[in-house]
Amino acid sequence: MVSLDDFTEVLFTEQQIQQRVAQLASQIVQDYDGKTLIVLGVMKGAAPFMQDLCREIYREGLRRTGTIAVNLIEDIAIMSMYPSPERQL
């Protein structure tokens, strides 16, 4: 089992992640201006990142156009693995 003690270094700071999310949102608004974008997170762990990205897309659209520039449809796919007789867990 993995624990937090197994992680010895921080790869990206919170500020770096926020900056990259803002860059992604800016590019998405540029590419999808006036279009519909489906944002699908896989598993519940994706929800915080998805929320931050979608929030930043809305903000960037408001900054650029004064309105919501991209129509977002957000959803999360939850998946499960069920053991079969052939599969060892």
Side-chain angles (χ1 to χ4, degrees):
M1 176 167 236
V2 176
S3 75
L4 289 177
D5 295 331
D6 295 330
F7 298 97
T8 58
E9 65 180 303
V10 174
L11 298 178
F12 303 100
T13 66
E14 183 178 351
Q15 183 179 10
Q16 288 172 312
I17 294 170
Q18 289 172 349
Q19 184 178 31
R20 183 63 181 135
V21 168
Q23 291 170 345
L24 288 170
S26 179
Q27 186 66 51
I28 289 169
V29 169
Q30 181 178 328
D31 293 345
Y32 286 86
D33 187 16
K35 299 176 185 173
T36 298
L37 174 65
I38 299 172
V39 180
L40 179 64
V42 178
M43 305 299 282
K44 292 178 188 176
F49 172 75
M50 257 183 58
Q51 291 167 347
D52 288 346
L53 179 61
C54 291
R55 188 178 309 112
E56 197 59 37
I57 289 170
Y58 283 124
R59 287 180 185 155
E60 181 65 21
L62 288 171
R63 275 193 289 267
R64 285 186 185 207
T65 66
T67 185
I68 296 173
V70 178
N71 180 31
L72 289 176
I73 299 172
E74 306 167 41
D75 206 351
I76 295 196
I78 306 298
M79 298 175 198
S80 298
M81 180 177 74
Y82 296 96
S84 67
E86 301 85 36
R87 184 181 304 151
Q88 295 287 327
L89 295 180

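- With respect to R20 and E56, no salt bridge is recorded, no charged nitrogen being found less than 4.0 Å from a carboxylate O.
- Atom CD1 of I38 has 12 or fewer neighbouring heavy atoms from other residues, nucleotides or ligands inside a 6.0 Å radius.
- A donor-acceptor contact closer than 3.5 angstrom links the side chains of E14 and Q18.
- M43 is not listed as a side-chain neighbour of I76, based on a closest heavy-atom distance of 4.5 Å or more.
- Under the 4.5 Å side-chain heavy-atom criterion for Ile, Leu, Val, Met, Phe, Trp and Tyr, V70 and L62 are members of distinct hydrophobic clusters.
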Tell me, with the steps shown, if R64 and V29 meet side chain to side chain contact (heavy atoms under 4.5 Å, CB included). CA-CA 9 Å; R64 285 186 185 207; V29 169; 3.8 Å; yes
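- When the side chains of ILVMFWY residues are joined at heavy-atom separations under 4.5 Å, either directly or via intervening members, I68 and V39 end up in a single hydrophobic cluster.
- R59 contributes atom CZ, which lies 12.0 Å from atom CD1 of I57 (distance to the nearest 0.5 angstrom).
- Rounding to the nearest 0.5 Å gives a distance of 8.0 Å between CZ of R63 and OG of S26.
- Partners of T67 by side-chain contact (heavy atoms from CB on, under 4.5 Å), not counting sequence neighbours, listed by chain and number: T65.
- If you chain together hydrophobic residues whose side chains sit under 4.5 Å apart, I73 and M50 never meet in one group.
- G61 and A69 make their closest contact through CA-CB, 3.9 Å (heavy atoms, listed as atom of the first residue, atom of the second, distance).
- Y58 OH: more than 12 foreign heavy atoms inside a 6.0 Å radius.
- The distance from atom CG of D33 to atom CD1 of I28, rounded to the nearest 0.5 Å, is 13.0 Å.
- In this structure, the side chain of Q16 engages the main chain of T13 through a donor-acceptor pair within 3.5 Å.
- With contacts defined as side-chain heavy-atom distances shorter than 4.5 Å, the pair L72/Y32 does not qualify.
- How far CG of D52 is from CG of L24: 11.5 Å, rounded to the nearest 0.5 Å.
- If you take CD on E60 and CD on Q30, they are separated by 9.5 Å, rounding to the nearest 0.5 Å.
- To the nearest 0.5 angstrom, L53 atom CG is 8.0 Å from L37 atom CG.
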